[in-house]
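Data first, discussion second: the structure below is written as structure tokens.
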Number of protein chains: 2
Amino acid sequence: MPYIGPSFLLSQLGAFAADGFAARLTALDLAPQHAGLLRMIVATGDHPLTQNALGQRFGVPASRLVPLLDHLESGGLVERRTNPADRRSNLLFATPAGVAMLGRIESLTHALEAELLASLTASDRAALEGLLRTLAGSLGLVPGVHPAYRALEDAP
Amino acid sequence: MPYIGPSFLLSQLGAFAADGFAARLTALDLAPQHAGLLRMIVATGDHPLTQNALGQRFGVPASRLVPLLDHLESGGLVERRTNPADRRSNLLFATPAGVAMLGRIESLTHALEAELLASLTASDRAALEGLLRTLAGSLGLVPGVHPAYRALEDAP
DNA sequence: TATTGTTATACTCTATAACTATA
DNA sequence: TATAGTTATAGAGTATAACAATA
């Protein structure tokens with residue numbers, strides 16, 4: 001029997017969780033990428049981001065952001081408004097429907113987590129979450145920013 | 001600040017671990033998919049699999065298996081031998097070089113895990129691994145079979 | 001001239017479907 | 001006729017590069 005260590009388990013469980021999340025999101029006509037962007041746009045509601053700033057935060061190229069925001073905007077969840085201070089750029093705002101959608105995404109997430117963690121006791125769940133948070137923090141992972149957004153980086 | 005739960009952390013950390021694994025594997029001229037197949041071929045050495053059986057175990061279509069095995073075979077890690085009992089099918093064998101390569105992959109994995117878990121105490125690492133194993137087992141994840149191999153399934 | 005967002009092009013990856021050989 | 005493996009074709013997804021508007 002070959003060695004299966006914690007890094008493979010993390011990757012395997014992480015992919016399983018991501019697949020489950022994506023599958024549930026289709027009922028809301030969204031992909032995981034949309035959910036991450038929407039969450040960030042809602043979170044920065046008082047200091048709205050430009051598309052450029054949003055793209056840099058997630059590490060996605062500008063050209064990839066455009067169709068993702070198009071989808072969110074066509075669904076009435078997000079608005080692009082020309083930045084009065086620099087009319088080249090757009091500021092991103094969540095609509096009330098967008099905020100409501102984020103709430104639905106979060107309750108869907110809670111339901112998913114209940115299923116994933118059903119085999120653990122409450123104290124084990126808390127222990128797991130604490131360990132994962134410690135790891136994510138020590139590895140420099142940015143809260144809410146999934147590595148799948150990131151493009152490949154070149155060594156100089 | 002939006003809610004970031006254990007499922008997102010799992011997915012985020014899992015993707016991070018997978019990216020690190022893939023990056024290190026390039027030095028061995030392999031992709032993660034090759035490593036998973038090689039591991040399975042070595043593990044079934046006494047009862048060799050046909051390509052069909054291997055593909056079904058991982059959930060990959062036969063046409064996708066071909067170039068993956070081509071790469072392993074051209075690297076001298078795996079051999080296809082016509083099945084004497086049914087000359088339509090191939091039996092898959094790992095060469096000594098393939099077994100040695102799996103050893104290198106495993107030591108690379110240990111090094112990766114040491115980095116990933118550097119912020120945890122030894123007992124925390126053991127606790128995390130135990131929790132992850134419990135989860136993987138309860139969710140029906142097959143040891144060594146990563147969900148990324150799986151194709152989409154249709155609802156009937 | 002430089003930068004923001006958009007559009008166009010090209011490339012990678014994968015699955016579906018045709019094809020060859022054995023049964 | 002049916003099945004194992006291979007090859008060919010086509011589709012989705014993404015990045016790189018050209019483009020238009022504003023600074």
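In the text below, chain A, chain B and the rest are named by the order of the sequence lines, each starting its count at 1.
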Could you list, one pair per line, each protein nitrogen or oxygen that sits under 3.5 Å from a nitrogen or oxygen of nucleotides 6-9 of chain C, together with the distance?
| from | atom 1 | to | atom 2 | distance (Å) |
| --- | --- | --- | --- | --- |
| dT6(C) | OP1 | Arg80(A) | NH1 | 3.3 |
| dT6(C) | OP2 | Gln51(A) | OE1 | 3.3 |
| dT6(C) | OP2 | Gln51(A) | NE2 | 2.9 |
| dT6(C) | OP2 | Arg80(A) | NH1 | 3.0 |

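When all heavy atoms of Ile4(B) and Pro143(A) are compared, the closest pair comes out as CD1-C, 4.4 Å. A pairwise comparison of heavy atoms in Leu38(B) and Leu72(B) identifies N-CD1, 4.4 Å as the closest pair. When all heavy atoms of Ser7(B) and Ala17(A) are compared, the closest pair comes out as O-CB, 4.1 Å. The two residues Arg133(B) and Leu9(A) have their closest heavy-atom pair at CG-CD1, 3.8 Å.
Relative to the ring axis of Phe8(B), Arg39(A) places its NZ or CZ within 45° and under 6.0 Å from the centre.
Nearest nucleotide to the side chain of Ser89(B), out of dA15(C), dA4(D), dT14(D): dA4(D).
Only at 4.0 angstrom or more do the heavy atoms of residues 16-38 of chain B sit from any atom of DNA chain D, so none qualifies.
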Show me the donor-acceptor pairs within less than 3.5 Å that the side chains of residues 23-37 of chain B make with the rest of the protein, sequence neighbours left out.
| from | atom 1 | to | atom 2 | distance (Å) |
| --- | --- | --- | --- | --- |
| Arg24(B) | NH2 | Glu115(B) | OE1 | 3.2 |
| Arg24(B) | NH2 | Glu115(B) | OE2 | 2.8 |
| Thr26(B) | OG1 | Ala23(B) | O | 2.7 |
| His34(B) | ND1 | Ala31(B) | N | 2.9 |

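Straight-line distance from the CG atom of Leu68(A) to the C1' atom of dG13(D): 11 Å, rounded to whole Å. To the nearest angstrom, C1' of dG5(D) lies 15 Å from CG of Leu49(B). Distance, Arg64(A) CZ to dG5(C) P: 17 Å, rounded to whole Å. In this structure, the OH atom of Tyr149(B) is 13 Å from the P atom of dA15(C), given to the nearest Å.
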So Arg125(A) and Glu129(A), salt bridge (charged side-chain N to carboxylate O under 4.0 Å, His left out) or not? Walk me through it.
-> CA-CA 6 Å; Arg125(A) 289 181 212 188; Glu129(A) 186 165 343; over 6 Å; no
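In this model, no donor atom of one side chain and acceptor atom of the other lie less than 3.5 Å apart for Glu79(A) and Thr95(A). Remark: the Ser89(B) side chain and the Thr50(B) side chain contain no N/O donor-acceptor pair separated by less than 3.5 Å.
Legend: residues meeting side-chain hydrogen bond (donor to acceptor under 3.5 Å, both in side chains) with Thr44(B), ordered by chain and number and at least two apart, are absent.
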Can you check each nucleotide of nucleotides 18-23 of chain C against protein heavy atoms at under 4.0 Å and return B for base, S for sugar-phosphate only, - for none, in 5' to 3' order?
-> ----BS
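Applying the ring-ring contact (aromatic ring centres under 6.0 Å, His included) definition to pairs two or more places apart or across chains, those involving residues 93-140 of chain A are His110(A)-Tyr3(B).
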